[in-house]
Amino acid sequence: QVQLVESGGGLVQAGGSLTLSCSASGATRSINNMGWFRQAPGKEREFVAAVIMSSGTTYYADAVKGRFTISGEKAKNTVYLQMNSLKPEDTAVYYCAAGDQIYHAWRYYFSAAYDYWGQGTQVTVSS
C-alpha cells in the first residue's frame with residue numbers, strides 16, 4: 001500500500017502562483033506514475049498532469065498546458081505541481097494520485113491508471 005499526502009494549497013489571486021507537493025510513503029518502490037487530478041464544485045474529477053517517475057516523461061491537460069509544470073523527485077517519492085498564471089476556473093480540490101502499472105501513454109490521462117489517492121488540497125483562485 002502507498003499513502004499520499006498533499007500540501008501547498010491555498011487562496012491566491014488570479015495571475016498568481018502556487019506550488020503543490022505530494023509525498024508518498026509505504027510501498028513506494030512499486031510506483032510508476034504520479035499525477036494530479038482536480039474536482040471543482042458540481043463537476044467531475046478531471047486530469048491535470050502526470051509524470052512517469054523513472055523517466056520524467058510528463059503529460060498535461062490542455063487547460064493547464066503552458067501554465068502548470070509537474071515534476072517528480074523519485075529519491076524523495078515526491079511530486080510537485082507548479083501552477084502559474086492561475087485563473088478562477090482553476091479553483092478546485094486537487095488530488096494527488098499514484099499508480100503501479102506501466103501503460104500506453106494515453107492511459108495516464110484517466111483515473112483508472114492510478115491505484116492510490118490522496119485526501120486532496122483546496123486551491124482557490126479569486127478574481
Side-chain angles (χ1 to χ4, degrees):
Q1 288 291 323
V2 173
Q3 296 77 43
L4 302 173
V5 178
E6 303 106 330
S7 61
L11 174 64
V12 64
Q13 288 189 333
S17 299
L18 276 177
T19 300
L20 305 182
S21 301
C22 173
S23 294
S25 61
T28 58
R29 292 182 67 180
S30 67
I31 294 176
N32 170 69
N33 49 292
M34 296 186 73
W36 293 91
F37 288 71
R38 66 187 182 186
Q39 187 167 19
K43 294 188 176 182
E44 293 187 354
R45 188 175 297 188
E46 63 176 5
F47 171 79
V48 176
V51 61
I52 306 303
M53 298 299 280
S54 59
S55 67
T57 303
T58 57
Y59 306 92
Y60 294 96
D62 288 343
V64 306
K65 203 172 292 184
R67 299 189 298 122
F68 291 10
T69 301
I70 188 170
S71 59
E73 200 167 351
K74 188 171 177 64
K76 294 185 177 181
N77 299 309
T78 299
V79 64
Y80 307 94
L81 185 68
Q82 173 68 42
M83 304 184 293
N84 298 326
S85 303
L86 282 161
K87 305 175 181 180
E89 51 264 44
D90 294 317
T91 295
V93 177
Y94 283 69
Y95 296 92
C96 177
D100 293 343
Q101 304 300 317
I102 298 174
Y103 295 108
H104 289 294
W106 67 270
R107 294 283 297 269
Y108 296 117
Y109 293 84
F110 299 93
S111 58
Y114 302 83
D115 304 291
Y116 311 102
W117 294 83
Q119 295 295 313
T121 185
Q122 177 70 46
V123 171
T124 303
V125 184
S126 62
S127 57

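Computation of the quantities below employed the complete heavy-atom set of this structure, encompassing side-chain atoms and omitting hydrogens, waters and symmetry-equivalent molecules. What you are looking at is a predicted structure, and each value in this text was computed from that prediction instead of being measured.
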Would you check if the side chain of [X] reaches a backbone N or O of [Y] as a donor-acceptor pair within less than 3.5 Å?
{"X": "N32", "Y": "Q101", "answer": "yes"}
{"X": "Q13", "Y": "S126", "answer": "no"}
{"X": "Y103", "Y": "Y108", "answer": "no"}
{"X": "S23", "Y": "T78", "answer": "no"}

Are [X] and [Y] joined in one hydrophobic group, where the rule is that I, L, V, M, F, W and Y side chains link up if heavy atoms are under 4.5 Å apart?
{"X": "L4", "Y": "F47", "answer": "no"}
{"X": "I102", "Y": "F110", "answer": "yes"}
{"X": "L81", "Y": "Y116", "answer": "yes"}

- Query: What salt bridge (Lys or Arg N to Asp or Glu O under 4.0 Å) pairs are there with at least one residue in residues 98-117, not counting sequence neighbours?
  - Reply: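 Counting only pairs at least two positions apart or across chains, no salt bridge (Lys or Arg N to Asp or Glu O under 4.0 Å) contact touches residues 98-117.
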- Contact list for residues 7-34, test salt bridge (Lys or Arg N to Asp or Glu O under 4.0 Å), sequence neighbours left out: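 Checked against salt bridge (Lys or Arg N to Asp or Glu O under 4.0 Å) - neighbours excluded - no pair reaches residues 7-34.
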Quick check for you: to the nearest 0.5 Å, what is the distance between [X] atom [atom1] and [Y] atom [atom2]?
{"X": "E44", "Y": "Q39", "atom1": "CD", "atom2": "CD", "answer": "8.0 Å"}
{"X": "T69", "Y": "N84", "atom1": "OG1", "atom2": "CG", "answer": "6.5 Å"}
{"X": "L18", "Y": "T121", "atom1": "CG", "atom2": "OG1", "answer": "9.0 Å"}
{"X": "E46", "Y": "S111", "atom1": "CD", "atom2": "OG", "answer": "12.0 Å"}
{"X": "Y95", "Y": "E6", "atom1": "OH", "atom2": "CD", "answer": "8.5 Å"}

- Message: Quick test of your reading of the model: are K65 and D62 salt-bridged, counting only N-O distances below 4.0 Å?
- Response: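 Looking at K65 and D62, the cut-off is met.
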What closest approach, in Å, do [X] and [Y] show between heavy atoms, and which atom pair accounts for it?
{"X": "A14", "Y": "S127", "result": "CB-CA, 4.3 Å"}
{"X": "M34", "Y": "I70", "result": "O-CD1, 4.1 Å"}
{"X": "A24", "Y": "V2", "result": "CB-CG1, 4.0 Å"}
{"X": "A50", "Y": "Y114", "result": "CB-OH, 3.2 Å"}
{"X": "A92", "Y": "A40", "result": "CB-N, 3.8 Å"}

Kindly indicate whether the side chain of [X], heavy atoms from C-beta on, has any atom under 4.5 Å from the side chain of [Y].
{"X": "T19", "Y": "S17", "answer": "no"}
{"X": "V123", "Y": "M83", "answer": "yes"}
{"X": "T91", "Y": "Q122", "answer": "yes"}
{"X": "D90", "Y": "F68", "answer": "yes"}

- Checking ring pair (Phe, Tyr, Trp, His ring centres under 6.0 Å) for the pair Y59/Y109: CA distance, chi angles, key distance, verdict? CA-CA 8 Å; Y59 306 92; Y109 293 84; 5.7 Å; yes
- Take atom CD in E89; do more than 12 heavy atoms of anything else shown fall under 6.0 Å from it?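 More than 12 within 6.0 Å, yes.
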- How about L11: does its CG atom have over 12 heavy atoms from other parts shown lying under 6.0 Å from it?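 Atom CG in L11 is crowded, with more than 12 foreign heavy atoms closer than 6.0 Å.
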- Query: Of W36, Y94, F37, which meets ring pair (Phe, Tyr, Trp, His ring centres under 6.0 Å) against W117?
  - Reply: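 Exactly one option meets the ring pair (Phe, Tyr, Trp, His ring centres under 6.0 Å) with W117, and it is F37.
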